[in-house]
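Notes for the one structure printed next.
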Amino acid sequence: MPELPEVEVVRAGLAPAVTGARVVSAQVMDPRALKRHLPTAGDDGLGGHGVTLTAAAGAARSADFERRVTGLTLAAPERRGKFLWVPTSGRSAAGEPLALLAHLGMSGQVLLRAHDAVDDRHVRIRLWIAHPDHGELRVDFADQRLFGSLALDALHPANDGPGVIPTQAAHIARDPLDQAFDDARFIAALRSRTSGVKKLLLDQTLISGVGNIYADEALWRARLHPETPGSAVGPRKAVELLALLRAVFAQALVEGGTSFDAQYVNVNGQAGYFAHSLNAYGRTGQPCPRCGTPIKRITFGGRGSHFCPRCQKRRT
DNA sequence: CAGGTACCCTGGCCGC
DNA sequence: TGCGGCCAGGGTACCT
């Protein structure tokens, strides 16, 4: 389940191999992995995310992507929350820089492979790249469940600080590892809402990069019940929660991310080992590492939440 | 703004 | 052994 630490591990792993490389050719094996790729003029007439492509529309979209990505030179990859993108030498019709945008969804993987390496499972899109120092490489986008996707998307100046942002991530808030993240603003927003604090942590328009695993872990560390209303989190507690969230992210980064069910791997196909450091997520019925009470699981907002019923009392 | 539900998808797991 | 059904999960759409 790629969240901020996993996507950052991928970004950092990709950087030396793709920065300065040129796309020699591209091959789309499954157009469903282009969900976020919106073709230019001569449109296939279909929308993006959530829309099932007909065979003809899928073929057209694949051809559009392959044609437009071939020949582009790649710059250093960037990230905001769970969105990852590689700026390119390409330009949109409006003259804006084009980026190769990736979202890993649930099970997406970006794999760097030697030119002649054997196929990994579930490879949906393949780029052949040539790097001045590293020679020819394959960048394989693999995704078992197809919630992730690649796309070509235009970059715009960010409207919330320095830097640029792809069109499709324009509504995504900065993440807590971003230098320009506004702590006071996030805390004020959190404390002004009546929704459960976990739901607010997962709201990518308030704070990005947090998914189910790290939300549960940060709340466990902060001793907050996931359904505690944002408005019931005191100012000191909110500051503490943000600090603990950053600490969880930092530790997960050092440990190479969380590989649950071997879904997540880095660009070399290796699993991270933060799963061994989880205190609440996925530990239903196992003792709380702090007090020994069995971890409880409830369904909340359509997703499982794991917490200690003794350490994490609900506040009202 | 809040809440609920549905959808996109696969594969693991359950019960029969 | 096999099959049908359920579930997980991020992001989004759309409804009340």
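Letters A, B, ... are given to chains in the order of the sequence lines, protein chains preceding strands, and every chain is numbered from 1. In what follows, every heavy atom counts, from backbone to side chain, and hydrogens, waters and symmetry copies are set aside.
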Measuring to OP1 and OP2 of [N], would you say a side-chain N or O of [X] lies under 4.0 angstrom away?
| X | N | answer |
| --- | --- | --- |
| H103(A) | dG11(C) | yes |
| H122(A) | dC9(B) | no |
| R145(A) | dA8(C) | no |
| H171(A) | dG11(C) | no |
| S195(A) | dG3(B) | yes |
| R297(A) | dA8(C) | yes |

Could you tell me whether G304(A) contacts a base, only the sugar-phosphate backbone, or nothing, with contacts defined as non-hydrogen atoms closer than 4.0 Å?
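Answer is sugar-phosphate: G304(A) comes under 4.0 Å of backbone atoms only.
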As a quick check of understanding, evaluate salt bridge (Lys or Arg N to Asp or Glu O under 4.0 Å) for R113(A) and D140(A), giving each step before the final call. CA-CA 7 Å; R113(A) 295 301 191 214; D140(A) 286 347; 5.6 Å; no
Practice task
Using heavy atoms and a sub-4.0 Å distance, could you list which residues of residues 199-212 of chain A are near DNA chain C? By number, please.
Solution key: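 The answer is Q204(A), G211(A), N212(A).
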Take the protein atom [atom1] of [X] and the nucleotide atom [atom2] of [N], then report the distance between them rounded to whole Å.
| X | N | atom1 | atom2 | answer |
| --- | --- | --- | --- | --- |
| Q168(A) | dG11(C) | CD | C1' | 11 Å |
| I172(A) | dG11(C) | CD1 | P | 7 Å |
| M106(A) | dC9(B) | CE | C1' | 10 Å |
| Y281(A) | dG9(C) | OH | C1' | 7 Å |
| Y214(A) | dG10(C) | OH | P | 12 Å |
| L146(A) | dC9(B) | CG | P | 7 Å |
| F147(A) | dA6(B) | CZ | P | 15 Å |
| R32(A) | dC7(B) | CZ | P | 17 Å |

Original post:
Which pairs count as ring pair (Phe, Tyr, Trp, His ring centres under 6.0 Å) when at least one residue sits in residues 148-169 of chain A, sequence neighbours excluded?
Top reply: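 Found none.
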Roughly how far, to the nearest 0.5 Å, is the OG atom of S195(A) from the CG atom of L201(A)?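 If I round to the nearest 0.5 Å, the distance is 11.5 Å.
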Tabulate below the donor-acceptor pairs under 3.5 Å that side-chain atoms of residues 77-85 of chain A make, not counting sequence neighbours, or state none.
unit_1 : atom_1 : unit_2  : atom_2 : d
R79(A) : NE     : E8(A)   : OE1    : 2.9
R79(A) : NH1    : G81(A)  : O      : 3.1
R79(A) : NH1    : D175(A) : OD2    : 3.1
R80(A) : NH1    : D160(A) : OD2    : 2.9
R80(A) : NH1    : I172(A) : O      : 2.8
R80(A) : NH2    : D160(A) : OD1    : 3.2
K82(A) : NZ     : V210(A) : O      : 3.2

What pairs of donor and acceptor atoms, side-chain ones from residues 15-27 of chain A against any protein atom, are under 3.5 angstrom apart with sequence neighbours left out?
unit_1 : atom_1 : unit_2 : atom_2 : d
T19(A) : OG1    : A15(A) : O      : 2.6

query: Can you pull the salt bridge (charged side-chain N to carboxylate O under 4.0 Å, His left out) pairs that have at least one residue in residues 209-226 of chain A, sequence neighbours excluded?
result: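 Counting only pairs at least two positions apart or across chains, the salt bridge (charged side-chain N to carboxylate O under 4.0 Å, His left out) contacts touching residues 209-226 of chain A are K198(A)-D216(A).
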Hey, could you give me each pair passing salt bridge (charged side-chain N to carboxylate O under 4.0 Å, His left out) that has a residue in residues 200-209 of chain A? Not counting sequence neighbours.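 Output for this query lists R193(A)-D203(A).
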Secondary structure of DNA chain B per the Watson-Crick/G-U criterion (both distances under 3.5 Å; [ ] crossing, | other strand, . unpaired) is .|||||||||||||||
Under 3.5 Å, which donor-acceptor pairs do the side chains of residues 229-242 of chain A form with other protein atoms, sequence neighbours left out?
unit_1  : atom_1 : unit_2  : atom_2 : d
K237(A) : NZ     : A222(A) : O      : 2.7
K237(A) : NZ     : E240(A) : OE1    : 3.4

For the aromatic rings, using the six-membered ring if either is Trp, is the centroid distance between W220(A) and H306(A) under 6.0 Å?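 Aromatic pair excluded; centres sit 6.0 Å or further apart.
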Selected nucleotide, minimal atom distance to [X] side chain, candidates [options]:
| X | options | answer |
| --- | --- | --- |
| R303(A) | dG11(B), dG11(C), dT12(C) | dG11(C) |
| K82(A) | dT12(C), dG11(C), dG11(B) | dG11(C) |
| R36(A) | dT10(B), dC8(B), dG11(C) | dG11(C) |

Legend entry - Counterpart residues, ring pair (Phe, Tyr, Trp, His ring centres under 6.0 Å), relative to F141(A) (two or more places apart):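 So F141(A) forms no ring pair (Phe, Tyr, Trp, His ring centres under 6.0 Å) with any residue.
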